[in-house]
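Comments concern the structure below.
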Amino acid sequence: MEGRARVRPGAGFYSFCPGRIATLLRTHTCGELRSEDVGREVTLCGWVDTNRDFGGSQFIDLRDRYGKTQVVFTPQSGAETQALARSLRSEDVVSMTGTVARRLEGKDNAKLATGQIEVRGTGLKVLNKSLTPPFQSSAVGTQELAGEDIRLTHRYLDLRRPEMQQTMLLRGQIVKTMRDYFDELDFIDVETPVLGRSTPEGARDYLVPSRVHRGAFYALPQSPQLYKQILMIAGYDRYVQVARCFRDEDLRADRQPEFTQLDLEMSFVEADDVMGVIDGLVSRIAREVLGLKVNLPLPRMTYDEAMRRFGHDAPDLRFGMELVDVTDLAKECGFRVFQETAAAGKFVRGLKAPGGGTRYSRKDIDLLTDWIRQDFGASGLAFFRIEPDGSAFSPIAKNFQPAVLAELVAHFDPQPGDLLLLVADTWEVSCKALYGLRKRLGAELKLYDPKTMHFSWIVEFPMFAHDAEENCWAAMHHPFTAPRPQDQELLATDPGKCRAIAYDLVINGSEAGGGTIRIHDSKLQQQVFDLLGIDEPTARERFGFLLDALKYGAPPHGGIALGIDRWVMLFAGLDNIRDCIAFPKTQKAADMMTDAPGQVDAKQLKELGIQIIR
RNA sequence: GGGGCCGUAGCUCAAUUGGUUAGAGUACCGGACUGUCGAUCCGGUGGUUGCGGGUUCGAGCCCCGUCGGCCUCGCCA
């Protein structure tokens with residue numbers, strides 16, 4: 001532990017002491033000196049954070065990744081040195097020599113870990129002047145953060161900010177803990193190719209043209225899925241890898257085109273084994289990173305239950321606000337829209353927003369309605385505001401049979417001031433719309449403390465989702481997922497009811513990982529391919545190697561992949577994945593610092609046999 | 001591919017809703033100051049209002065197009 005940087009719960013970034021990191025250029029770091037060091041002759045290197053100039057003396061905060069130390073230059077430092085000190089500006093890189101001194105009585109700075117001391121400067125060397133930076137790397141809380149485009153263009157300055165350094169440190173910590181943990185459990189770290197064949201996981205591939213094989217392309221891996229299964233067949237019964245994955249799909253706040261997974265696979269296991277291993281990891285990281293005790297095993301919920309109670313397969317379980325199904329009551333409620341919906345076999349479901357009746361105006365509700373129409377294709381949004389006398393106000397209330405309305409409202413068990421929101425639509429639309437509303441209102445009404453963490457498993461996913469456009473079945477996870485043994489017969493009779501041995505790790509309503517037990521029998525694998533409309537020649541062509549391998553002694557196996565970027569985001573309490581990645585890409589998958597992707601020479605294209613069509 | 005928000009000084013934002021000289025804070029430059037720590041005080045430089053069209057007597061503001069950033073649906077574990 002000693003000499004190791006480590007984020008501790010409740011401890012500021014600067015409060016750990018990394019031990020001496022002396023070099024020929026420096027004797028200490030800027031976060032290291034304490035009152036015990038008074039009298040020492042030291043040399044610090046770092047960036048100028050602020051320069052407070054009093055004419056007679058200069059107070060300079062010197063910053064490196066370990067912290068800040070105040071260095072003072074006075075006439076005793078010598079006229080030349082003092083003049084040089086006066087000329088220092090933000091982000092200049094300097095070396096400062098001096099004597100550690102206790103600060104003057106009452107002049108301690110409680111905000112700094114080094115705040116009891118200061119360095120009385122005797123020497124100063126400017127190692128490198130900085131241009132005036134476009135935004136401040138220092139000045140925590142001083143100024144509004146610069147726009148993200150500017151931060152991304154000057155990423156080196158953004159990464160210099162203590163907040164960013166803290167996140168990067170946390171990320172390194174999480175990855176290291178993962179590596180230690182799996183190493184202790186005898187996992188073997190094996191690297192798999194980046195230049196590979198397209199894996200059939202549904203997303204668009206990033207392609208790399210082959211010069212040698214003109215007209216042929218490698219695909220960057222969407223995940224190392226097939227390789228790790230091959231490793232199981234090869235007898236490496238516990239594989240782990242920190243793997244970069246690539247998916248050429250449109251981006252979101254929590255999605256990048258290239259991202260990092262902690263990928264693992266185990267042989268001779270059932271789902272409980274894999275989940276148990278991850279339970280241990282969650283508990284360890286929560287403890288080491290946040291000082292949080294997590295009760296094990298983590299709670300589990302089936303996919304069906306999650307959809308019914310929360311409308312989503314990754315519900316945020318930090319708060320309640322569960323969905324309420326009133327379809328039965330709607331059948332004879334008097335309100336035509338509801339009745340027709342119910343009669344058509346669709347659903348009338350809703351949720352209760354505590355205090356929403358007072359919080360949201362009629363106009364706010366109209367905006368919510370527009371929103372769920374636009375984003376989720378909902379036909380509308382019905383609302384009831386619970387009045388102080390307990391009655392339910394709504395423009396549509398007059399259409400209801402009073403008794404039925406009372407019963408309907410009672411289903412939500414509301415208090416005065418609450419707001420009931422109902423969606424009458426298909427199962428899918430009601431899920432999406434109410435999930436969206438729940439997520440948004442939960443945050444807006446502050447129904448949970450954003451600092452709390454909730455970990456859970458969602459299990460028993462459907463094997464297949466019906467693709468209405470193509471009128472065929474599509475793999476919900478990927479085509480190598482094993483069905484539950486008790487559901488295997490359903491493959492032939494009713495694939496839609498067949499449940500997979502699949503499990504997703506959910507943290508605070510985010511999917512933080514997902515895995516399955518795989519098919520290890522080539523016949524069963526072929527049966528699943530058939531269902532997915534992948535005929536034998538196609539299957540042979542695309543993953544004949546796997547089908548072959550399955551015939552040479554494939555052990556039962558399964559695994560999981562964890563989204564490391566998302567883990568960092570969630571453990572750091574951030575809401576943006578770009579802040580968890582040193583060099584992220586914009587929403588259009590561009591790197592603003594390097595300007596990737598860029599044009600290439602005509603010569604390069606010619607070598608590859610590629611012509612650009614405009 | 002669809003919907004939305006945004007783009008004004010290096011940076012963060014304002015501009016009485018179409019009105020004549022586009023402001024503030026900060027940064028930067030100069031000056032003052034021996035205990036600050038978001039130092040303070042005085043003075044100063046700094047603008048093709050993303051770009052291109054259009055409407056108008058007049059456009060930062062309205063319209064069309066375009067580029068870029070963000071959020072989101074579709075898509076994607």
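Everything numeric in this text was worked out from a predicted model, so none of it was measured. Letters go in sequence order (proteins before strands), and every chain restarts at 1.
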Under 4.0 Å, heavy atoms only, any strand: does A/Arg102 hit a base, just the sugar-phosphate, or nothing? nothing
A/Lys107 side-chain N/O to B/U36 phosphate OP1/OP2 under 4.0 Å: yes
Complement of B/A39, any strand, by Watson-Crick or G-U distances under 3.5 angstrom: none
Of the listed nucleotides B/G35, B/C76, B/G74, the one nearest the side chain of A/Lys432: B/G74
Where is the tightest heavy-atom contact between A/Gly202 and A/Gln222, given as atom of each residue plus distance? N-OE1, 4.1 Å
What contact category does A/Gly514 fall into here, base, sugar-phosphate, or nothing, at under 4.0 angstrom with non-hydrogen atoms? nothing
Compare the minimum distances between each of B/G35, B/A27, B/G69 and the side chain of A/Met592, then state the nucleotide with the smallest one. B/G69
Would the base of B/G7 count as contacting A/Asp149 through its side chain, where contact means a donor and an acceptor less than 3.5 Å apart? no
Does A/Gln222 make a side-chain N or O approach to OP1 or OP2 of B/A77 shorter than 4.0 Å? yes
Here the distance between atom P of B/A77 and atom NE2 of A/His477, to the nearest Å, is 9 Å
Which value, in whole Å, describes the distance between the C1' atoms of nucleotides B/G44 and B/C61? 31 Å
Could you pick out which residue, A/Gln374 or A/Asp254, lies toward the 5' side of RNA chain B when each is mapped onto its nearest nucleotide? A/Gln374
What distance, rounded to whole Å, do you find between the two C1' atoms, one in B/G30 and one in B/G19? 37 Å
Could you state the interatomic distance from OG1 (A/Thr114) to CG (A/Leu44), rounded to the nearest 0.5 Å? 9.5 Å
By nearest nucleotide on RNA chain B, pick out whichever of A/Glu148 and A/Val72 is the more 5' one. A/Val72
Using the P atom as the point on both nucleotides, what is the distance between B/G38 and B/A77, in whole Å? 48 Å
What one should report as the nearest heavy-atom pair of A/Asp53 and A/Gly55 is OD1-N, 2.8 Å
Hey, does A/Leu251 reach any base, or is it just sugar-phosphate, or nothing, if we go heavy atoms under 4.0 Å? nothing
Which of residues 580-590 of chain A sit near RNA chain B, with a heavy atom under 4.0 Å from it? A/Thr586, A/Gln587, A/Lys588
Counting only distance, no hydrogens or angles, is the base of B/C76 paired donor-acceptor with the side chain of A/Arg247 under 3.5 Å? no
Separation between the C1' atoms of B/C64 and B/C28, rounded to whole Å: 39 Å
Syn or anti conformation of B/U49, syn meaning chi within 90° of 0: anti
How would you label the contact of A/Arg578 with the nucleic acid (heavy atoms, under 4.0 Å): base, sugar-phosphate, or nothing? sugar-phosphate
Do A/Glu118 and B/G35 have a side chain to base donor-acceptor pair shorter than 3.5 Å? yes
Would you measure the distance from the P atom in B/U26 across to the matching atom in B/G54 and give it in whole Å? 41 Å
Using a 4.0 Å heavy-atom cut-off across all strands, classify A/Asp248 as base, sugar-phosphate, or nothing. nothing
Among B/C33, B/A77, B/A27, which nucleotide sits nearest the side chain of A/Asp53? B/C33
Can you tell me which nucleotide in B/U36, B/C76, B/U12 comes closest to the side chain of A/Ala146? B/U12
Checking contacts here: which listed nucleotide (B/C75, B/U36, B/G69) is nearest the side-chain heavy atoms of A/Arg252? B/C75
Side chain of A/Pro134 - closest among B/G69, B/A77, B/G10: B/G10
If you measure from the P atom in B/G10 to the same atom in B/G47, how many Å do you get, rounded? 7 Å
For a quick test of reading the model: is some side-chain N or O of A/Arg52 closer than 4.0 Å to OP1 or OP2 of B/U36? no
The side chain of A/Ala253 lies closest to which of these nucleotides: B/C71, B/G74, B/G38? B/C71
Tightest non-hydrogen contact, residues A/Val423 and A/Ser430, listed as CG1-CA, 4.1 Å
Nucleotide-resolved protein contact map, nucleotides 41-46 of chain B, B/S/- at heavy-atom distance under 4.0 Å: ------
I'd like the P distance from B/A24 over to B/G2, given in whole Å. 42 Å
Heavy atoms only, 4.0 Å cut-off, all strands: where does A/Arg89 land among base, sugar-phosphate and nothing? sugar-phosphate
Do A/Asn109 and B/C37 share a donor-acceptor pair, side chain to base, under 3.5 Å? yes
